[in-house]
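Written below as structure tokens is the structure these notes are about.
Predicted model only: the values in this text are computed from it and were never measured. Every chain is numbered from 1 and lettered A, B, ... according to where its sequence line falls, protein lines coming before strand lines.
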Number of protein chains: 2
Amino acid sequence: MDENNTIGRSVLNQIKKDIISGSLKPSSKLKLDNLKSHYSVSTSTIRETLNRLVSEGFVKAEEQRGFFVCPFSETDLIEIVKIRNLIESYGIEQSIQKSNIEWESKVVSAYHRLNLEEKNNLKNESIFNEWKKYDFEFHEILVSNCDSANLMSIHSNLLDRHRRYQTILHQTRGQKSILEHEEIFNAVLNKDIKKTIKILQIHLDQGLEKALTLFKK
Amino acid sequence: MDENNTIGRSVLNQIKKDIISGSLKPSSKLKLDNLKSHYSVSTSTIRETLNRLVSEGFVKAEEQRGFFVCPFSETDLIEIVKIRNLIESYGIEQSIQKSNIEWESKVVSAYHRLNLEEKNNLKNESIFNEWKKYDFEFHEILVSNCDSANLMSIHSNLLDRHRRYQTILHQTRGQKSILEHEEIFNAVLNKDIKKTIKILQIHLDQGLEKALTLFKK
DNA sequence: AAATAAAAAACTTTATAAAATTATTAAAAT
DNA sequence: ATTTTAATAATTTTATAAAGTTTTTTATTT
């Protein structure tokens, strides 16, 4: 189940989590000595991790000058959302076409969890991270029946990078977003590919717009 | 210009090239000691490189068991081509929409080089790699005006992985492929997005079909 | 032939150090 | 006062070695 067998993988997940959550701030320098002592691992392990995160788009390496958390930028966010839209739409289309009981039941349960969380969230603002987790898990389940490990891997990476922006900007859209989730859910169960993709696009576009307003502040 | 400043980057490019060319064979074990002596670098450098190549989809890491060149599989190839089609179509669409003189002239010159090479290639079969290089450079130029570094990075990775299959399978389709390149070229200059995408899809599908027949042998 | 145990090989991680580069500080010159 | 230069410090990059695990191979026994 848990694939945190090696220290290398464990520290990879930790650092990635810290970048997504914002405790390692955008554009900040990742000094090897600091990381080494903070995560209690050796330099080589840290460097292996950072090199992986470079390929995954979370860390930027400037040769001879070291590693930095990838900076925040509006264009980067816009690009990520657009590519996510492209990939996710295609993935959902494939998933619906290959639809089967197992997948549908996963969708139902993922939506259920998200829905419960979203109702709670309106009252209790403190559980932002928990809610976002279910949000992204729902979207991940939607493409999970597309039968393409490569597509899912690219999608998962885009979700992670998108989540960094949403988390750090503390992006919320309240009732509207919740309704869109419900519409997507229903369209998927009805195997209505066009409608699903249409609402997904609206969902992502509206979210992007909200994020961009938060950027100005 | 050349970004091979550090040994790490240089050996990354070398190993990637050797995987794409097939001199490091699919599924083969990448023993640290062998690589270390073959590329004349230290273990830490090798491990950093391999970890990056894992994220880029060229190397597979099995915990405690080491690194392997990513295996060849039909489904992997099919997935790569489909996602490439999706990404490349979108990228070309954006590129054409933002079309300008500089980009058009790059397209013209990339096509010119490819065309010269393809004419030669019919006579001289030995320059396969050179020809493939111009082939992929042409496709890369086509999306290069999309104004999305993220899209181009994903696309470039997909091209590299696709090239590995084409190179090792020694995939060629002769005159048909050459004609499709010409059609794509003309459609792009005419800013005919729909036609471009349509021919691209045929181009990739036919190539995939050819590759799959080579797989059987 | 199959199962077990011992030995060897290979990977993972840490620690240390030297070489190379960049960043910072202090002094000198304009 | 600002710029230039020189010296120092900090950091990255690479290499090497050794300890600890895990896997693989070999040898032995049943």
Taking only the side-chain heavy atoms of A:Lys29 (C-beta and beyond), determine which of C:dT12, D:dT12, C:dC11 contains the nearest atom. D:dT12

B:Lys31 atom NZ is separated from D:dT23 atom C1', nearest whole Å, by 12 Å

Rounded to whole Å, how long is the line connecting atom CD of A:Glu63 with atom P of C:dA20? 17 Å

From D:dA15, C:dT12, D:dT13, nucleotide with atom closest to B:Thr45 side chain: D:dA15

How close or far is atom P of C:dA15 from atom CD1 of A:Ile7, stated in whole angstroms? 10 Å

Hey, is the main chain of B:Glu102 close enough, under 3.5 Å, to the side chain of B:Ser105 for a donor-acceptor pair? yes

If you compare all heavy atoms of B:Pro26 against all heavy atoms of B:Phe72, which two are closest, and at what distance to 0.1 Å? CG-CD1, 3.5 Å

Quick check: does any side chain N or O of B:Trp103 sit under 3.5 Å from a backbone N or O of B:Val143, one acting as donor and the other as acceptor? no

Close aromatic pair by centroid cut-off 6.0 Å: A:His181 and A:His139: yes

Rounded to whole Å, CZ of A:Arg47 lies from C1' of C:dA15 at a distance of 16 Å

Rounding to a whole Å, what distance do you find between A:Ile46:CD1 and C:dT12:P? 17 Å

Nearest whole angstrom, please: distance from the C1' of D:dT23 to the CG of B:Leu32. 14 Å

Minimum-distance nucleotide (side-chain atoms of A:Gln64 versus C:dT12, C:dT14, C:dT22): C:dT22

Taking atom P of C:dT21 as reference, at what distance in whole Å does atom CZ of A:Phe67 sit? 17 Å

Whole-Å gap separating P (D:dT12) and CD (A:Glu62): 12 Å

Supply the atom-to-atom distance A:Asn100 CG to A:Asn145 CG, rounded to the nearest 0.5 angstrom. 4.5 Å

For A:Asn34, does its backbone N or O pair with a side-chain atom of A:Ser37 as donor and acceptor, under 3.5 Å? yes

Give a yes/no on whether any side-chain N or O of A:Arg65 is located under 4.0 angstrom from OP1 or OP2 of C:dT21. no

Near DNA chain C, counting only heavy atoms under 4.0 Å, which residues of residues 33-44 of chain A show up? A:Ser40, A:Val41, A:Ser42, A:Ser44

Parallel, tilted or perpendicular, judged at 30° and 60°: which one describes the rings of A:Phe215 and A:Tyr165? tilted

